[in-house]
Undergrad: 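Dropping the structure in here first, questions after.
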Protein chains: 2
Amino acid sequence: MNYTAFLEETSICKEAFYKHALTEDCKTVRIKKEKTIIKNLEKIFEATFRICAEKGFQGMTMRDLSTESGLSMGGLYSYFSTKEELSITLQRAGNTFVGKWLEEQSKDIEDPEERLKKVIRTHLYLSELMQPWFYFAYMEAKNLNRKERETAKQAELYTEKIIFDILVEGEKRGQFKTRNHNLTSAVLKAALQDWYLKRWKYQKRDTSVDQYADFVIELFNAYYFN
Amino acid sequence: MNYTAFLEETSICKEAFYKHALTEDCKTVRIKKEKTIIKNLEKIFEATFRICAEKGFQGMTMRDLSTESGLSMGGLYSYFSTKEELSITLQRAGNTFVGKWLEEQSKDIEDPEERLKKVIRTHLYLSELMQPWFYFAYMEAKNLNRKERETAKQAELYTEKIIFDILVEGEKRGQFKTRNHNLTSAVLKAALQDWYLKRWKYQKRDTSVDQYADFVIELFNAYYFN
DNA sequence: GTCTATACACAGATAGAC
DNA sequence: GTCTATCTGTGTATAGAC
């Protein structure tokens with residue numbers, strides 16, 4: 001599998017994400033027609049990502065968002081009752097969406113080695129496709145209220161747990177070496193995150209997501225085999 | 001070397017950092033007596049780190065900072081002429097301080113393998129000692145203006161370059177395998193950063209900085225030797 | 001050198017026209 | 001369903017007393 005294949009084989013598209021966001025998390029929308037909502041949610045989300053990448057969520061004003069999204073101030077507030085709610089919705093929608101996908105993609109692969117590869121690739125490809133959201137979620141998580149921050153941490157641990165379980169299973173079967181699986185999954189996760197956090201760096205060096213995936217797999221293989 | 005040994009052997013202490021900040025970067029302080037400045041800079045910096053860890057720099061108000069630092073609003077503004085300047089000073093002071101230290105600690109080690117170990121340990125120990133600053137610098141860099149953001153990126157690349165050069169030298173001497181040194185130094189850097197970015201996770205698992213350092217060294221050794 | 005009190009701009013949020 | 005106009009609280013920054 002490579003990134004191009006991933007794009008073709010998966011039905012993930014932006015619309016699915018907004019639909020998901022709507023049904024799972026946007027309970028307070030005051031608009032009736034679904035088509036209208038999806039269209040405007042897309043405008044709002046994309047604008048938020050663009051602005052926040054530049055000056056952060058706290059630094060973004062509702063006027064900024066109004067200008068960038070093309071909706072009026074009043075219009076914005078028919079989709080969210082407060083600015084904070086917008087942030088929470090974005091976090092939740094992405095977390096549940098990504099979690100669901102990672103699980104679905106890897107659940108039917110039995111062999112730990114193959115499964116680990118699949119998870120690494122899927123995570124990287126997903127973050128490539130939805131980079132603005134991944135970046136936003138990572139950077140703005142600490143500014144949430146206590147409860148939502150806790151949820152975000154759980155989402156972080158959830159991905160790590162998927163990797164951890166594969167390593168444990170691989171060791172049990174005698175395929176992987178005995179290592180500190182806790183630390184390995186933590187550092188592997190960090191490597192996966194670096195891909196969407198330092199995009200400027202990898203772009204400047206013309207590193208493709210497939211090159212990066214191959215490298216990460218090779219690095220951890222060297223540690224877990226031979 | 002371990003963390004305890006590092007603490008004893010280095011003369012790094014908080015006062016040195018504030019002195020450094022003052023002489024290198026705080027050009028606009030309106031106060032005369034150095035002793036007073038150091039004392040108050042410490043209060044201001046520490047308070048900033050505490051508040052920003054909770055709600056980010058943009059989310060911190062000058063009233064928050066006044067309360068937390070114990071200085072009055074007017075008092076604060078005799079150390080910085082704007083809020084933005086406080087952020088810039090913090091970024092710069094740390095970046096130059098850390099860069100200077102990393103270089104000084106590793107420059108007299110000839111052997112690439114030993115040198116790499118030294119750099120890994122020094123970076124981790126330094127980030128352990130000054131975690132609040134490292135966290136702040138990473139998280140708030142994107143909210144700087146264009147020029148300062150560029151400087152911050154250069155600081156990130158600088159550390160990576162130190163690692164990169166060691167890998168290249170090691171390969172040249174036939175001690176290390178031929179690998180993609182660019183990607184390796186990038187991922188190694190990401191592993192070093194994870195230590196101060198996810199402190200909550202490692203603390204919960206009772207992972208010590210020495211354990212983490214040993215692990216990182218082992219992981220990359222497995223890739224570069226055998 | 002540090003404080004209190006205050007200016008004044010701008011933020012988030014809403015009411016009500018269309 | 002979306003807009004414009006506006007309210008009100010809070011933010012940064014400063015002037016001037018001590």
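Here is the naming used below: chain letters follow the sequence lines, and residue numbers restart at 1 for every chain.
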Undergrad: Below 3.5 Å, can you tabulate the donor-acceptor pairs from side chains in residues 182-193 of chain A to any protein atom, sequence neighbours excluded?
TA:
residue	atom	partner	partner atom	Å
N182(A)	OD1	R205(B)	NH1	3.4
T184(A)	OG1	N180(A)	O	2.7
T184(A)	OG1	Y224(A)	OH	3.2
S185(A)	OG	H181(A)	O	2.8
S185(A)	OG	N182(A)	O	3.0
K189(A)	NZ	T159(A)	OG1	3.4
Q193(A)	OE1	K198(B)	NZ	2.7
Q193(A)	NE2	E156(A)	OE1	3.0

Undergrad: Taking the cut-offs as 6.0 angstrom to the six-membered ring centre and 45 degrees off its axis, would you call K117(A) and F220(A) a cation-pi pair?
TA: no

Undergrad: With ring centroids as reference points, do Y135(B) and Y196(B) lie under 6.0 angstrom apart?
TA: no

Undergrad: Is a salt bridge present between E68(B) and K43(B), judged by a nitrogen-to-oxygen distance below 4.0 Å?
TA: no

Undergrad: With DNA chain D as reference, determine whether M73(B) or N40(A) sits nearer its 5' end, using the nearest nucleotide of each.
TA: N40(A)

Undergrad: Is it true that the side chains of E84(A) and N145(A) contain a donor and an acceptor less than 3.5 Å apart?
TA: yes

Undergrad: Report the residues that fulfil salt bridge (Lys or Arg N to Asp or Glu O under 4.0 Å) with K55(A), sequence neighbours left out, ordered by chain and then residue number.
TA: D64(A)

Undergrad: Under 4.0 Å, heavy atom to any atom of DNA chain C: which of residues 50-66 of chain B qualify?
TA: none

Undergrad: For L71(B) and T82(A), find the nucleotide of DNA chain C closest to each by heavy atoms; which residue's nucleotide sits nearer the 5' end?
TA: L71(B)

Undergrad: How bent is the helix from dG1(C)-dC18(D) to dC18(C)-dG1(D), measuring the angle between the end axes built from five pairs each, rounded to 10°?
TA: 0°

Undergrad: Sequence neighbours left out, what passes side-chain hydrogen bond (donor to acceptor under 3.5 Å, both in side chains) with W195(B)? Give chain and number order.
TA: E128(B)

Undergrad: Between K142(B) and E54(A) (salt bridge meaning N to carboxylate O under 4.0 Å), is one present in this structure?
TA: no

Undergrad: Can you classify the ring geometry of Y125(B) versus Y3(B) as parallel (below 30°), tilted (30 to 60°) or perpendicular (above 60°)?
TA: tilted

Undergrad: Using chain B heavy atoms and a threshold of under 4.0 Å, write down where along DNA chain C the contacts begin and end, 5' to 3'.
TA: dG1(C) to dT4(C)

Undergrad: Side-chain contact, heavy-atom cut-off 4.5 Å: I44(A) with T48(A)?
TA: yes

Undergrad: In whole angstroms, how far is the P atom of dT14(D) from the OH atom of Y79(B)?
TA: 17 Å

